[in-house]
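Here's the structure we're looking at; comments come further down.
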Amino acid sequence: MTKFLTELNEPQRQAVLHGEGPVMIIAGAGSGKTRVLTYRIAHLIESGVDPFRILSLTFTNKASAEMRNRIEREIGMEARNIWMGTFHSVFAKILRIEARYLGYTSDFSIYDADDSKSLIRSIVKELGLDDKLYKANVVFNRISGAKNRLVSADDYLNNSIIRADDDAAKMPEIGRIFKTYVVRCFQANAMDFDDLLFNTNILFRDFPEVLNKYQQKFRYVLVDEFQDTNVSQYLITRKLSAVHQNICIVGDDAQSIYAFRGANIENILNFERDFPDVTVIKLEQNYRSTQTIVKAANSIIQRNKSQLKKNIFTENQEGQTIDVIKAASDNEEGRLIASSLYEEKVQFGLRNEDFAILYRTNAQSRSFEEALRKQGIKYRIVGGVSFYQRKEIKDLLSYLRFTVNQQDEEAFKRIINLPKRGIGDTTIAKITVTAAENSVPVWTVVSNIHQYVNGRSTTPIDQFATLIKSYRLLIDQGKDAYEVASHIAKTSGLLKELYEDKTVEGLSRYENVQELLNAIKEFVDNEENEEKNLSAFLQSVSLLTNADEPDDDGDNDRVTLMTIHSAKGLEFRNVYLVGLEEDLFPSQMMLQSREDLEEERRLFYVAVTRAETKLTFSYAESRYQWGRIKMCEPSRFLMEVDQRYLNLTKVLKKKAEEERTVTPVTLLRSQRPKPAAAANTAGNKSTQATSTVHTPSSDFVPSDTSFLEVGQRVEHTKFGFGKVIKMDINGTDRKAVIHFEKAGEKTLLLSFAKLRILDK
DNA sequence: CGGCATTCAGTTTTT
DNA sequence: CTGAATGCCG
């Protein structure tokens with residue numbers, strides 16, 4: 001026990017050894033937070049606390065698995081018994097146990113975002129509202145936001161401020177949709193992600209005996225990544241620790257990047273108010289990164305107005321400056337990064353797993369995949385389209401879900417006519433509407449179809465009902481998840497349909513379904529799982545996320561490609577932070593307010609602080625999007641970093657290769673002429689040439705997104721006016737052939753930095 | 001009802 | 001460009 005205490009610095013030791021009472025640990029990036037949490041839990045258990053009475057909440061399954069492993073290494077198998085997991089998984093578990101209090105059964109389904117949106121779409125249609133106006137995405141976000149603030153549908157309808165807001169957005173009926181949505185979820189015996197937290201709050205609010213049970217049970221509550229909790233989550237933890245007062249929260253306000261999901265930095269402030277005798281410990285020494293990286297990171301984050309005061313420092317070496325790579329296109333960016341990575345690997349004898357490529361959006365992975373594959377560098381993508389989101393997987397899972405929970409309307413809608421059995425949209429709508437009108441689950445209508453729909457061809461529906469009943473029987477006979485699932489896959493016709501599809505995609509879909517069946521087999525064979533039934537499997541699977549997928553083979557020496565969001569909590573020797581272009585990062589959609597910009601800046605901070613030894617930035621001047629080329633400007637964040645820590649040599653080197661169409665290297669932004677002025681210039685040679693006024697970034701006025709396409713009139717600072725006559729967008733790189741009037745000849749342009757797009 | 005053609009919107013990040 | 005949603009016809 002004492003052995004690891006010597007490895008710790010003073011505040012770390014204090015955090016580990018802190019006994020009873022609330023404690024808040026403000027842990028800067030790279031300050032050994034996970035180690036402190038691990039040791040703290042190990043210490044608690046070694047000093048006699050029953051692992052069953054420790055609740056440890058994290059944000060990702062990965063983080064919790066990681067911590068469990070590390071604790072196991074310290075104290076052995078007892079670690080298994082700690083209540084440890086994500087908020088969603090832990091409270092889903094509790095809700096299963098206590099489901100009857102809320103009128104649910106323990107077999108309730110969990111709706112993912114797709115299910116929720118699909119339900120919202122049906123409701124909008126049923127209420128006769130305009131689906132152009134009430135977009136599923138928007139409505140879903142409103143509802144989700146409300147639930148995360150613990151605003152129920154009734155509260156929503158009664159709140160004049162919210163209603164005024166909706167009226168202003170010309171969507172006065174959102175409250176009604178919300179209300180209907182809640183009723184329908186309940187009838188379907190289903191909860192969405194937000195309900196898992198919302199309903200836990202309801203459970204603890206309305207049933208004090210249940211709350212008391214868990215308050216007594218959990219003597220110690222620990223919350224990691226506290227800066228990312230929303231109100232709903234905070235209230236749960238506050239209630240749970242109200243008796244013992246042993247709550248330990250760990251977080252870093254500078255790394256709060258989930259405000260879009262309802263995370264609330266104010267929770268940290270609320271915490272000090274709600275637990276006045278809290279001990280605050282700050283971990284400020286960074287053990288991860290070089291001086292340069294830490295200082296660069298500080299220079300970024302200090303621009304944010306809202307932040308807790310702390311001083312992150314390191315005693316590590318100074319290290320290299322941050323390379324900046326400029327590429328003409330997203331494909332070139334891929335190639336430059338791949339070759340830089342290769343050089344670095346050879347020069348320093350590194351392994352693939354020492355590298356990470358981080359980007360803002362999942363869609364950016366493509367060019368890096370291509371380039372790495374060409375270089376023969378193995379990589380792994382975290383995120384993207386999740387295995388469990390694939391159509392064929394969701395289809396089989398829907399069969400399983402519906403067999404377990406026959407009230408599950410969304411699962412029903414997926415499978416009722418799959419494979420085709422002659423039941424069309426009209427019939428399906430009739431069934432769901434009838435169910436809603438009579439306030440009964442869909443299954444009641446389906447299994448008694450003659451009572452509800454008279455006349456024609458109800459036979460396919462009867463057959464479907466019989467089929468499901470036969471599946472249900474297997475569960476009631478006590479068959480395990482694998483037995484039931486493989487029987488369903490074989491007899492439902494799903495597998496057969498895929499098997500007969502001999503296209504490449506069809507083959508891979510077939511394999512995917514087999515893979516799911518394998519996963520179920522593994523689940524059943526796993527000794528650690530007490531329950532082997534289908535319900536237990538579905539429960540475990542519904543909260544998995546794309547970051548939790550197993551590595552496909554044993555080869556872990558791979559470069560990691562992922563979004564910055566998924567990189568939180570991780571560290572790599574070398575980090576490439578790519579796609580540093582205005583509107584992409586910071587995201588255009590984020591630039592509504594100062595708070596939004598600050599969140600993007602924290603995201604940038606998170607990315608930078610993932611790097612241990614070497615950091616490289618890159619950006620592209622043009623990007624392929626929706627079959628067109630989009631011009632890009634360097635991100636304002638590149639200019640916000642203290643320039644002393646940047647190394648622009650790579651940019652300069654590129655300049656030599658790139659010949660005639662090169663932008664100045666200085667990280668200044670060229671101001672775009674106002675659209676009105678641009679219209680006048682079009683086709684008028686006598687107008688003065690493009691004035692590229694260089695101004696500091698703070699003066700930057702966001703321009704309209706500009707696109708290049710065939711027929712587009714353009715102006716180049718050197719070649720004058722021109723017109724795009726051909727675009728090669730299928731090759732490895734995008735090229736545009738442009739006819740310039742002044743030059744009198746066709747010119748192949750690879751770089752578009754000095755090209756101005758004129759209005760049509 | 002099912003199949004085919006056409007239109008249209010969409011890419012922020014994740015539990 | 002792609003995938004989803006809509007519309008039309010047999």
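In what follows, every chain begins at residue 1, and chains take the letters A, B, ... in the order their sequences are listed.
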Assign A/Leu584 to base, sugar-phosphate, or nothing according to its heavy-atom contacts below 4.0 angstrom with the strands shown.
nothing
Please state how far atom CD in A/Glu225 lies from atom C1' in B/dT15, giving the value in whole angstrom units.
13 Å
With respect to the side chain of A/Ala363, which nucleotide from B/dT11, B/dG2, C/dC1 is positioned closest?
B/dT11
note: A/Asp195, atom CG; B/dT15, atom C1'; distance rounded to Å ~ 13 Å
Examine B/dC1: is either OP1 or OP2 under 4.0 Å from a nitrogen or oxygen in the side chain of A/Arg421? Give yes or no.
no
Does the side chain of A/Ser587 get closer than 4.0 angstrom to OP1 or OP2 of B/dT11 through an N or O atom?
no
Which of the following nucleotides, B/dT14, B/dT15, B/dT13, is nearest to the side chain of A/Phe193?
B/dT15
Any side-chain N or O of A/Ser89 less than 4.0 Å from the OP1 or OP2 oxygen of B/dT15?
no
For the side chain of A/His88, counting heavy atoms from C-beta on, which of B/dT14, B/dT15, C/dA4 is nearest?
B/dT15
Under 4.0 Å, counting only non-hydrogen atoms across every strand here, what does A/Asp114 touch: a base, just sugar-phosphate, or nothing?
nothing
Which whole-number value in Å describes the distance from A/Lys420 NZ to B/dG2 C1'?
8 Å
Let's see if you can work this out: which of C/dA4, B/dT15, B/dC1 has an atom nearest to the side-chain heavy atoms of A/Thr426?
B/dC1
How close or far is atom P of C/dA5 from atom NZ of A/Lys413, stated in whole angstroms?
11 Å
What contact category does A/Lys132 fall into here, base, sugar-phosphate, or nothing, at under 4.0 angstrom with non-hydrogen atoms?
nothing
Using atom CG of A/Asp130 as one end and atom C1' of B/dC8 as the other, report the distance to the nearest whole Å.
15 Å
I'd like to know if A/Glu370 pairs up with A/Arg366 as an ion pair, taking the criterion as any Lys NZ or Arg NE/NH1/NH2 lying under 4.0 Å from an Asp or Glu carboxylate oxygen.
yes
Measuring to OP1 and OP2 of B/dT14, would you say a side-chain N or O of A/Thr60 lies under 4.0 angstrom away?
no
Can you label the angle between the A/Tyr214 ring and the A/Phe204 ring as parallel, tilted or perpendicular, going by 30° and 60°?
tilted
B/dT14 phosphate, OP1 or OP2: any side-chain N/O from A/Lys568 under 4.0 angstrom?
no
From the list C/dA4, C/dT6, B/dT13, which nucleotide is the closest neighbour of the side chain of A/Asp131?
C/dT6
Could you check whether A/Arg121 gets within reach of a base, just the sugar-phosphate, or nothing at all, counting any heavy atom under 4.0 Å?
sugar-phosphate
Please state whether the rings of A/Trp83 and A/Phe218 are parallel, tilted or perpendicular, taking 30° and 60° as the class boundaries.
perpendicular
Run A/Leu577 and A/Leu580 through side-chain contact (heavy atoms from CB on, under 4.5 Å) and show every step you take.
CA-CA 7 Å; A/Leu577 178 56; A/Leu580 288 177; 4.1 Å; yes
Rounded to whole angstroms, how far apart are CG on A/Asp425 and P on C/dG7?
12 Å
If the cut-off is 4.0 Å, is A/Asn137 near the phosphate of B/dT11, judged by side-chain N/O to OP1 or OP2?
yes
Comparing A/Thr86 with A/Arg360, nearest DNA chain B nucleotide closer to 5' gives the residue A/Arg360
Is the shortest side-chain N to carboxylate O distance from A/Arg401 to A/Asp115 below 4.0 Å?
yes
Which is true for A/Phe59 with a 4.0 Å heavy-atom rule: it touches a base, it touches only sugar-phosphate, or it touches nothing?
sugar-phosphate
Electrostatic pair A/Asp131-A/Lys125, nearest N-O below 4.0 angstrom:
no
So which nucleotide from C/dT6, B/dT15, B/dC1 ends up closest to the side chain of A/Thr427?
B/dC1
Measure CG/A/Asn199 against P/B/dT15 and give the value in whole Å, please.
20 Å
Touch class at under 4.0 angstrom, heavy-atom based, for A/Phe87 against every strand present
nothing
Which of the following nucleotides, B/dG10, B/dG2, C/dC1, is nearest to the side chain of A/Tyr624?
C/dC1
Residue A/Thr563, side-chain atoms from C-beta onward, closest of B/dT13, C/dA4, B/dC1
B/dT13
Short side-chain N/O contact from A/Asn362 to OP1 or OP2 of B/dT13, under 4.0 Å:
yes
With a non-hydrogen cut-off below 4.0 angstrom, is A/Asp194 in contact with a base, only sugar-phosphate, or nothing?
nothing
Evaluate the ring planes of A/Phe108 and A/Tyr104, with Trp represented by its six-membered ring, and classify them as parallel (under 30°), tilted (30 to 60°) or perpendicular (over 60°).
perpendicular
Do any side-chain nitrogens or oxygens of A/Asn417 fall under 4.0 Å of OP1 or OP2 in B/dG2?
yes
Nearest whole Å is fine: how far is B/dT15 P from A/Asp115 CG?
16 Å
